[in-house]
Number of protein chains: 2
Amino acid sequence: MTSSLDPTLQTIGKNLRRIRVASGRSQEGLALDAAIDRTYVSQIERGIANPSILVLKKIASCLDANVSDLVVGT
Amino acid sequence: MTSSLDPTLQTIGKNLRRIRVASGRSQEGLALDAAIDRTYVSQIERGIANPSILVLKKIASCLDANVSDLVVGT
DNA sequence: ATGTGACTTGGAGTCCGTG
DNA sequence: ACACGGACTCCAAGTCACA
């Protein structure tokens, strides 16, 4: 509930983008590996989506990171 | 997808229960504070629910913990 | 005070496109 | 390669009765 513009989601989005770019990967490539939609990765990075832990876990795994790395600062 | 009996969800459930019991609180009391249903807390602790980060964040806040504490071991 | 199955519904997540 | 939107599908979210 109250999904849009939530500071927690914003922070996670920034964390994801930072880690993804640092690994030199595109949203599309990551989405393909994680078996999720490319537009959904975009939504998460922009902080307008409220993903489940399973989705977050899949993304973290494909980035050789863990979920804790994605939620730092929340 | 593949929600039931997922090892990630099981671990999070165990983490939650450990932290909650350590703070001497009941599922009901926690659910009341976090403004979520008592049975939903039960489902998360049993690892059969796949909660969103916003739900996880609310629970962590009420336990004076952060989301990272709930996802350790995943 | 907690586990559990069944239920409804809003939103998570997908798929098509565009600039 | 990414932001953004519309129109979907399907599961997370939230509730209930009962054990």
Side-chain angles (χ1 to χ4, degrees), chain A residues 1-65 67 70-71 74, chain B residues 1-68 70-71 74:
Chain A
M1 41 185 31
T2 68
S3 51
S4 63
L5 292 184
D6 186 283
T8 299
L9 301 181
Q10 304 259 47
T11 299
I12 290 177
K14 291 178 182 176
N15 289 338
L16 170 55
R17 177 159 300 184
R18 176 174 36 80
I19 297 176
R20 177 182 61 81
V21 171
S23 69
R25 313 194 53 199
S26 68
Q27 289 182 354
E28 274 175 336
L30 173 60
L32 191 67
D33 277 11
I36 62 182
D37 198 82
R38 81 185 150 78
T39 65
Y40 196 46
V41 175
S42 173
Q43 290 172 24
I44 297 175
E45 289 195 357
R46 285 179 283 142
I48 62 175
N50 176 25
S52 67
I53 6 154
L54 249 31
V55 166
L56 238 51
K57 172 64 179 171
K58 284 199 297 185
I59 292 177
S61 297
C62 292
L63 289 173
D64 291 316
V67 183
L70 293 175
V71 298
T74 60
Chain B
M1 33 182 49
T2 69
S3 52
S4 62
L5 291 184
D6 186 284
T8 298
L9 301 180
Q10 304 259 49
T11 300
I12 291 177
K14 290 178 182 176
N15 289 338
L16 170 55
R17 176 159 300 183
R18 176 174 37 80
I19 297 175
R20 176 182 61 82
V21 171
S23 67
R25 313 193 54 197
S26 68
Q27 289 183 354
E28 267 179 337
L30 172 61
L32 192 66
D33 278 10
I36 62 183
D37 198 83
R38 161 189 81 78
T39 64
Y40 193 46
V41 174
S42 173
Q43 291 171 19
I44 296 175
E45 288 195 357
R46 283 179 286 141
I48 63 175
N50 176 23
S52 69
I53 8 149
L54 250 30
V55 166
L56 237 51
K57 173 64 178 172
K58 284 200 296 184
I59 293 178
S61 298
C62 292
L63 289 173
D64 291 315
N66 46 44
V67 182
S68 296
L70 293 175
V71 298
T74 59

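These figures come from a predicted structure and were not determined experimentally.
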* Can you find a pair of side-chain heavy atoms, one from B:Leu56 and one from A:Val71, that are under 4.5 Å apart? -> no

* Asked: Starting at CG of A:Leu16 and ending at C1' of D:dA3, how long is that distance when rounded to a whole Å?
  -> 15 Å

* Is B:Arg25 touching bases, backbone alone, or none of the nucleic acid, heavy atoms closer than 4.0 Å? -> nothing

* For B:Glu28, report the nucleic acid contact type (base, sugar-phosphate, nothing); a contact means any heavy atom under 4.0 Å. => base

* To do: Look at the side-chain N and O atoms of B:Ser42 and state whether any lies under 4.0 Å from the OP1 or OP2 oxygen of C:dT2.
  => no

* Structure fact -> Value for OG (B:Ser68) from CG (B:Asn15), rounded to nearest 0.5 Å, stands at 11.0 Å

* Quick one: the side chain of A:Arg38 and the base of C:dG17, do they pair up donor-acceptor inside 3.5 Å? -> yes

* **A:Leu56 CG - C:dG13 P separation (whole Å)** => 9 Å

* Asked: Hey, are the side chains of A:Arg38 and A:Ser42 touching, using non-hydrogen atoms and a 4.5 Å cut-off?
  -> no

* Taking the side chain of A:Ser26 as heavy atoms from C-beta outward, which of C:dT14, D:dC2, C:dT4 is closest to it? -> D:dC2

* Candidate pair A:Asp33 and A:Arg25, rule salt bridge (charged side-chain N to carboxylate O under 4.0 Å, His left out), full reasoning -> CA-CA 11 Å; A:Asp33 277 11; A:Arg25 313 194 53 199; 2.8 Å; yes

* **Atom-pair distance (CG on A:Asp37; P on D:dT9), nearest Å** => 15 Å

* To do: Working to the nearest 0.5 Å, report the span between OG1 of A:Thr11 and CG of A:Leu70.
  => 12.0 Å

* Structure fact -> In whole angstroms, the gap separating C1' of C:dT2 from CG of B:Leu32 amounts to 16 Å

* Asked: Expressed in angstrom and rounded to an integer, what is the separation of B:Leu30 atom CG from D:dG14 atom P?
  -> 14 Å

* To do: Establish whether the base of D:dC16 is bridged to the side chain of B:Thr39 by a donor-acceptor pair shorter than 3.5 Å.
  => yes

* **Between P of D:dC11 and CD1 of B:Ile44, the distance in whole Å** => 18 Å

* Check every strand shown and say whether B:Gln43 touches a base, only sugar-phosphate, or nothing at a heavy-atom separation below 4.0 Å. => base

* If each of B:Ser52 and B:Arg20 is mapped to the nucleotide of DNA chain C with the nearest heavy atom, which maps nearer the 5' terminus, i.e. the 5' end? -> B:Arg20

* Contact class for B:Val55 (heavy atom, under 4.0 Å): base, sugar-phosphate, or nothing? -> sugar-phosphate

* Candidates C:dT4, D:dA13, D:dG14 - which lies nearest the side chain of B:Pro51 -> D:dA13

* To do: Please report, rounded to the nearest Å, how far the P atom of D:dA1 is from the CZ atom of A:Arg17.
  => 15 Å

* **Separation of C:dT14 P from A:Ile36 CD1 (nearest whole Å)** => 6 Å

* Nearest-neighbour nucleotide for the A:Gln27 side chain, D:dC2, D:dG14, C:dG3 considered -> D:dC2

